Each structure stands twice: as structure tokens, then as C-alpha cells.
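This one's a predicted model, so the numbers in the text were calculated from it and none came from an experiment.
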Amino acid sequence: MKKLKAKLAIAAAAAIVLSGLGPAAGAYAPAVVGAIGAKYSSIGGSSSPLGLPLWNEYPVTGGAQQDFQGGIIFWSPVGGAHPLWGAIENKWYAGHEAGWPIRDEEPLGGGAIAQHFTNGTMYYTPQIGLHYIGAGIREAWWNKGGQTGVAGYPVSDETYWYAGGAVQAFQGGTFYFTPQYGTRLLQGAIRWEYERGGGYFYMGRPVTDEYSVNASTRAQRFEDGIIYWSNGRIWTDRY
């Protein structure tokens with residue numbers, strides 16, 4: 001889709017040049033109107049990263065879309081009109097599991113950006129790149145402080161795990177989702193022991209988050225046992 005749009009844009013520009021037409025000569029200019037037009041104007045029109053429109057808006061599944069030199073504006077009745085460009089647009093085209101955009105890109109500091117969709121959020125940082133977080137893991141991540149919390153930013157996309165589950169790695173831990181036990185964060189030595197031992201085949205699925213047993217001992221319960229950590233020592237109690 002992205003390559004096709006680029007080829008069509010080049011062909012359209014070449015046709016204008018070869019015809020000797022330009023804005024001053026009365027060349028055809030696509031209309032940018034309605035909700036998409038209002039959004040386009042609000043972000044700076046042709047001076048924005050979108051540049052000039054390639055053609056009029058057209059209907060797509062879930063709403064309407066208009067293509068520009070540097071990206072698109074997508075409108076849906078759920079989220080309204082929002083632009084997509086750059087790496088986020090490319091990832092969105094690569095797989096529509098994110099759903100429809102419900103906000104514009106948002107700066108997060110340090111060159112990081114986020115954009116929210118109906119089914120999740122895409123996060124980009126210069127150091128790590130761009131990753132998508134589905135709504136289930138995202139909610140648990142937000143509850144633990146999001147990018148400023150213990151987990152930090154995602155370092156992988158969400159991937160399928162056993163029996164309808166999902167897993168996603170972050171700077172400070174890994175979130176595991178299962179329909180039976182929800183989303184659980186594994187960190188530090190307990191995560192290392194779980195994954196070193198074989199993960200699901202070692203202790204089953206995580207049942208709780210890590211919790212405090214006493215002032216010096218942490219633990220996390222799994223389907224097939226408990227992993228403990230205390231003062232640099234780690235051990236298991238398997239059922």
C-alpha cells in the first residue's frame with residue numbers, strides 16, 4: 001500500500017510537470033473538506049509533515065481516508081479525524097490490529113512519541129524504535145506507571161503466547177497475558193529464573209504479580225509453583 005501510494009504520487013507529479021500545469025496555471029487541486037479538512041488546517045495544512053493532498057478523500061472500511069505527500073488523514077465515527085505519517089503510518093499499514101486512530105501523535109519527551117488507536121497504542125523512542133502495545137497489556141503497563149514506571153518502554157511488539165495468551169518485553173520486565181489470570185509482570189531475578197527454566201513448560205502461566213513475603217523476600221506464584229528471591233538467592237517451590 002505504501003509503495004503503491006508513493007508510485008501514484010510520483011506519477012501524479014510527473015503528469016503535472018509534463019503538462020506544463022501548476023497551481024498558477026490552474027492545475028487540478030484535490031479538495032480537503034469536512035472533518036479531514038478541519039484536521040488538516042489545524043495541523044498546518046501543506047506546511048505540516050503531510051504536505052499537499054494527492055487526491056480527494058475516499059471511503060474505506062470503518063470510515064474515510066485522504067492521502068497526502070507525507071502521510072494520510074483517517075476519519076472514523078469512533079475516533080474522528082487524525083493524521084498518520086512516518087514510522088507509525090508504515091506500521092499501521094503493515095497490520096491493522098491497532099484499529100483506527102483516536103488521537104494525533106503525542107510527544108513524550110526525549111524524542112519519544114505515542115499515538116493511540118482503538119485497540120492499542122504505538123510508542124516510538126529513538127533508542128528502541130517503534131512498538132505496538134495491545135489494549136490488555138497496555139492497561140496493566142499504565143497501571144504500573146507506563147514508560148516512567150518499573151517496566152519502562154516496550155522493546156518488542158506483543159506476540160502470541162500459549163492458549164490464547166500474549167507476551168511483550170519491556171526495558172524493565174516482561175508482561176504475560178492469559179485469559180485465565182490476566183496480565184502479569186515478571187521482573188528481575190524471578191523473570192530470569194522463569195525464562196531460564198523454560199517459562200510455560202517450567203512453571204506454567206503466571207498467576208500473580210510479584211509480591212512481598214517479608215522485608216527481605218519477594219515471590220511470584222505460577223500454576224505449577226512459586227519462585228522466591230531473597231538477598232541474591234533464588235529458589236522454587238513446585239507443586
Side-chain angles (χ1 to χ4, degrees), residues 1-2 4-5 35-36 39-40 42-43 49-50 57-68 70-108 112-125 128-186 200 205-206 209:
M1 176 65 76
K2 187 71 172 176
L4 175 61
K5 193 175 80 171
I36 288 178
K39 174 57 68 173
Y40 183 59
S42 74
I43 62 174
L50 289 176
E57 72 174 62
Y58 53 92
V60 295
T61 301
Q65 179 173 318
Q66 187 158 7
D67 300 340
F68 298 79
I72 68 170
I73 295 179
F74 187 92
W75 175 88
S76 73
V78 174
H82 300 283
L84 298 170
W85 54 59
I88 289 180
E89 181 199 7
N90 292 338
K91 195 171 188 68
W92 185 74
Y93 268 125
H96 278 248
E97 72 272 13
W100 315 126
I102 56 175
R103 294 188 194 174
D104 294 356
E105 280 189 7
E106 300 174 11
L108 301 175
I113 57 174
Q115 187 157 11
H116 299 289
F117 296 80
T118 50
N119 297 331
T121 302
M122 294 188 192
Y123 287 87
Y124 166 82
T125 68
I128 300 172
L130 179 65
H131 296 290
Y132 169 72
I133 309 176
I137 288 179
R138 182 190 64 185
E139 293 302 317
W141 178 62
W142 280 350
N143 288 338
K144 293 187 180 296
Q147 70 271 16
T148 61
V150 294
Y153 279 105
V155 297
S156 74
D157 286 348
E158 180 180 307
T159 57
Y160 174 80
W161 201 49
Y162 300 101
V167 60
Q168 187 162 12
F170 289 71
Q171 291 171 306
T174 302
F175 282 96
Y176 287 85
F177 164 79
T178 65
Q180 295 85 353
Y181 307 112
T183 304
R184 304 300 178 183
L185 175 63
L186 276 66
Y200 174 79
R205 292 165 288 197
D209 285 340

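- The CD atom of Glu89 sits 10.0 Å away from atom CD of Glu105, with the distance rounded to the nearest 0.5 Å.
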Item to complete: Mind running side-chain contact (heavy atoms from CB on, under 4.5 Å) on Gln171 and Ile128 for me, showing each step along the way?
Response: CA-CA 9 Å; Gln171 291 171 306; Ile128 300 172; 3.3 Å; yes
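- In this model, a donor atom of one side chain and an acceptor atom of the other lie less than 3.5 Å apart for Tyr58 and Gln65.
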Practice prompt. Test Phe117 against Ile102 for side-chain contact (heavy atoms from CB on, under 4.5 Å), laying out the working first.
Written response: CA-CA 5 Å; Phe117 296 80; Ile102 56 175; 5.6 Å; no
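- Ring geometry for Trp141 versus Tyr153: interplanar angle of 30 to 60°, hence tilted.
- Between Glu106 and His116, some side-chain heavy-atom pair lies under the 4.5 Å cut-off.
- In plain terms, the two heavy atoms of Arg184 and Pro206 that are nearest each other are CG-O, 3.8 Å.
- Within the 3.5 Å criterion, the main-chain N or O of Tyr176 finds no donor-acceptor partner in the side chain of Thr183.
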Worksheet entry | Phe74 and His82: CA distance, side-chain angles, deciding distance, side-chain contact (heavy atoms from CB on, under 4.5 Å) verdict | CA-CA 6 Å; Phe74 187 92; His82 300 283; over 6 Å; no
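- Rounding to the nearest 0.5 Å gives a distance of 13.5 Å between CG of Leu84 and NZ of Lys91.
- Closest heavy-atom contact between Ala169 and Ser156: N-OG, 3.1 Å.
- Below 30°, between 30° and 60°, or above 60°: for Tyr162 and Tyr200 the angle between ring planes is below 30°, a parallel geometry.
- Arg205 and Thr178 are not linked by any side-chain donor-acceptor pair at a separation below 3.5 angstrom, with hydrogens and angles left out of the test.
- When atom types are taken as modelled, the side chain of Glu158 and the backbone of Gly134 share a donor-acceptor pair closer than 3.5 angstrom.
- Note that the OG1 atom of Thr125 and the CD atom of Gln147 stand 10.5 Å from one another [nearest 0.5 Å].
- One finds the CD1 atom of Ile43 at 4.5 Å from the CG atom of Leu50 (value rounded to the nearest 0.5 Å).
- Across all non-hydrogen atoms, the minimal contact from Ala114 to Thr121 is CB-CG2, 4.2 Å.
- The closest donor-acceptor contact from the side chain of Gln115 to the backbone of Pro83 lies under 3.5 Å.
- Among all heavy-atom pairs drawn from Ser76 and Gly62, the shortest one is CB-O, 3.4 Å.
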Item to complete: Test Trp100 against Trp75 for side-chain contact (heavy atoms from CB on, under 4.5 Å), laying out the working first.
Response: CA-CA 8 Å; Trp100 315 126; Trp75 175 88; over 6 Å; no
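- The two residues Ile73 and Ala81 make their nearest non-hydrogen contact at CG2-CB, 4.1 Å.
- Closest approach of Asp209 to Leu185, counting heavy atoms only: OD1-N, 3.1 Å.
- In this structure, CD in Gln168 is found 14.5 Å from CH2 in Trp161, a value given to the nearest 0.5 Å.
- Side-chain atoms of Asp67 do not come within 3.5 Å of backbone N or O of Ile72 as any donor-acceptor pair.
- Residues Met122 and Ile133 form no side-chain contact, since every pair of their non-hydrogen atoms from C-beta on lies 4.5 Å or further apart.
- Note that NE2 of His131 and CZ of Phe170 are 10.0 Å apart. Values are rounded to the nearest 0.5 Å.
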